[in-house]
Amino acid sequence: MLNLIYVFLYIGLFTIGGGLVAIPLIQQQVVERGWISVGDFYGMIAIAESTPGPIGINIATYVGFDQFGVIGALLATISFIIPSFIIVSVLSDLLKKHREKALVKNWFLFVKAAIVGLIGYSLVNVAEFAFLEDKNISSIRLQSVLLFAALIVAYYFLRKKPWIVIVMGAIFGIIVL
Amino acid sequence: MVKLLDIFFVFLKIGALTFGGGLAMLPIIKRAVVGRSWISEHEFNDYVAVAQVAPGMIAINIAILVGTHIRKRVGALIAVLGVALPSIIVIMVIASMLTEFADILVVQKALKGIILVVVILLSAAIIDMGSKAIQNIYLLVYALACFSAVYFFQFSTIYIILISFALGTLLTIIASKVGGKNA
């Protein structure tokens, strides 16, 4: 249980750019420690994205609950948040004072570009899991591709209400996959 | 003075009803707190910048910053509690059901369908953030390099962030030495 606290304190400290960046970080920590299988992990991502609330909180609660029940869920979530609490207030005063300085602007420039790359990594990982049976491109599931194309069209029209597209994904997943 | 209970319920409602994570929450939190004149729009925008580069989740960071702004430490605690509580409850309920249902074929198929939507949502997040963050070809190359380092060479994402700060510092030093323009 101490490991669980340590892992989420660590993730909370090094997640820069929001919960989506935490996905590969949590995966590296949790799957490689053998706590959760890769398949179960992506199931968690699907649930975390399709329930309301911050995605990072959803994943932390899920992993903690999976390991140690209610206590684990609370410990993982609180550990995830604690570094924010300590750092954000200090950083807030500093950044507000110095945000026009060249150094801070250049930090933002590179960190924000890096965040886009890191979310890209999450995207490719999730997409591989979504479309392929194994890591080989020839194992691509045709039904998944077709459903994906249909869901893109649905998303285009329902951008403001993504939960409807999520419900559609679930229903059509049951029917065609 | 704003009542703690009001802060709690405003953030509780946002936590319970907003899908799509922190980025999707920002405009909704903004409407709620700026609309109630708890904070000025200018100050809120400053906090958004801080929330994005500070460690942790964006939704939690913004809750801490806005909560502190309204009612100091206690306000921050109450705001975070409000925004996180619905998630914690909903996920625990789902997780406790799924440990029994995860092996059922229908559930697996539904999750496989949802994960396709997750691919779309992540793509939308990248387009949204990328269109603002990637201002020139060098930053595009850098974003692709970060992706490649993690994907092909199993680089830890932590190094990527640390390297980004180092590069930002380096660029500042070079720019000040040259005595002129920034990239």
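Labels below follow one simple rule: chain letters A, B, ... track the order of the sequence lines, proteins then strands, and each chain is numbered from 1.
Between B/L77 and A/F85 the shortest side-chain heavy-atom distance falls below 4.5 Å. Taking the side chain as every heavy atom from C-beta outward, B/T157 and A/F14 never approach each other to under 4.5 Å. Using a 4.5 Å heavy-atom cutoff, the side chains of B/M57 and A/S84 are not in contact. Under the 4.5 Å side-chain criterion, counting only non-hydrogen atoms from C-beta, A/K112 is not in contact with B/M129. In this structure, A/F148 and B/V117 have side chains that are not in contact, with every pair of non-hydrogen atoms separated by 4.5 Å or more. Put simply, the side chain of B/V83 does not reach to within 4.5 Å of the side chain of A/I57, judged on heavy atoms. Residues B/I115 and A/Y42 have side chains in contact (heavy-atom distance under 4.5 Å, counting atoms from C-beta outward). When side chains are defined from C-beta on, A/P52 does not count as touching B/P86, because their heavy atoms never get closer than 4.5 Å.
Within 6.0 Å of NZ in B/K109 there are more than 12 heavy atoms belonging to other residues, nucleotides or ligands. Counting heavy atoms of neighbouring residues, nucleotides and ligands inside a 6.0 Å radius, atom CZ of B/F44 exceeds 12 of them.
A/A127 touches chain B through backbone and side chain together, each having a heavy atom under 4.5 Å away. Looking at A/V124, only its side chain comes within 4.5 Å of chain B, counting heavy atoms on both sides. Heavy-atom distances place both the backbone and the side chain of A/Y121 under 4.5 Å from chain B. Contact of A/L74 with chain B is made through the side chain alone, with heavy-atom distances under 4.5 Å. Both the backbone and the side chain of A/V70 come within contact range of chain B, with heavy atoms under 4.5 Å apart. Contact annotation for A/L20: only side-chain heavy atoms (C-beta onward) come within less than 4.5 Å of a heavy atom of chain B. For A/R159, no part lies under 4.5 angstrom from a heavy atom of chain B. For chain A, no part of B/T68 is nearby; none of its heavy atoms comes within less than 4.5 Å. Only the side chain of A/L118 comes within less than 4.5 Å of a heavy atom in chain B; its backbone stays farther off. Only the backbone of B/A16 comes within contact range of chain A, judged by heavy atoms closer than 4.5 Å. Interface residue A/Y155: only side-chain heavy atoms are found under 4.5 Å from chain B. In this structure, the portions of A/S50 lying under 4.5 Å from any heavy atom of chain B include both its backbone and its side chain. In this structure, chain B has heavy atoms under 4.5 Å from both the backbone and the side chain of A/S92. Only the side chain of A/P24 comes within less than 4.5 Å of a heavy atom of chain B; its backbone N, CA, C and O stay farther away. In this structure, chain A has a heavy atom under 4.5 Å from the side chain of B/L121, while its backbone stays farther away. With a 4.5 angstrom heavy-atom cutoff, A/Y10 touches chain B only via side-chain atoms. Contacts of A/E128 with chain B are made by side-chain atoms alone, with heavy-atom separations under 4.5 Å and no backbone atom involved.
When the candidates B/R73, B/K112, B/E43, B/Q135 are compared by the number of heavy-atom contacts under 4.5 Å with chain A, B/K112 comes out ahead. Of the listed residues (B/L144, B/L170, B/I160, B/I126), the greatest number of heavy-atom pairs within a distance under 4.5 Å of chain A belongs to B/I126. Comparing B/V106, B/L111, B/T169 by how many heavy-atom pairs each has under 4.5 Å with chain A, the most go to B/T169. Note: B/V50 leads B/V50, B/I14, B/V90, B/L17 in heavy-atom pairs under 4.5 Å with chain A. With chain A as the partner, the residue from B/V53, B/I60, B/I58 showing the most heavy-atom pairs under 4.5 Å is B/V53. Heavy-atom pairs under 4.5 Å with chain A were tallied for B/I134, B/L85, B/N61; the largest tally goes to B/N61.
For B/G113 against A/L147, the heavy-atom pair with the smallest separation is CA-CD2, 4.4 Å. Smallest separation of non-hydrogen atoms from A/L103 and B/G168: CD1-O, 4.3 Å. Residues B/S87 and A/G53 come closest through the heavy atom pair OG-CA, 3.3 Å. Among all heavy-atom pairs drawn from A/E49 and B/V118, the shortest one is CB-CG2, 3.6 Å.
Taking CG of B/L122 as the start and CD1 of A/I119 as the end, the distance is 7.5 Å to the nearest 0.5 Å.
Ring to ring, A/F110 and B/Y142 are close: their centroids are under 6.0 angstrom apart.
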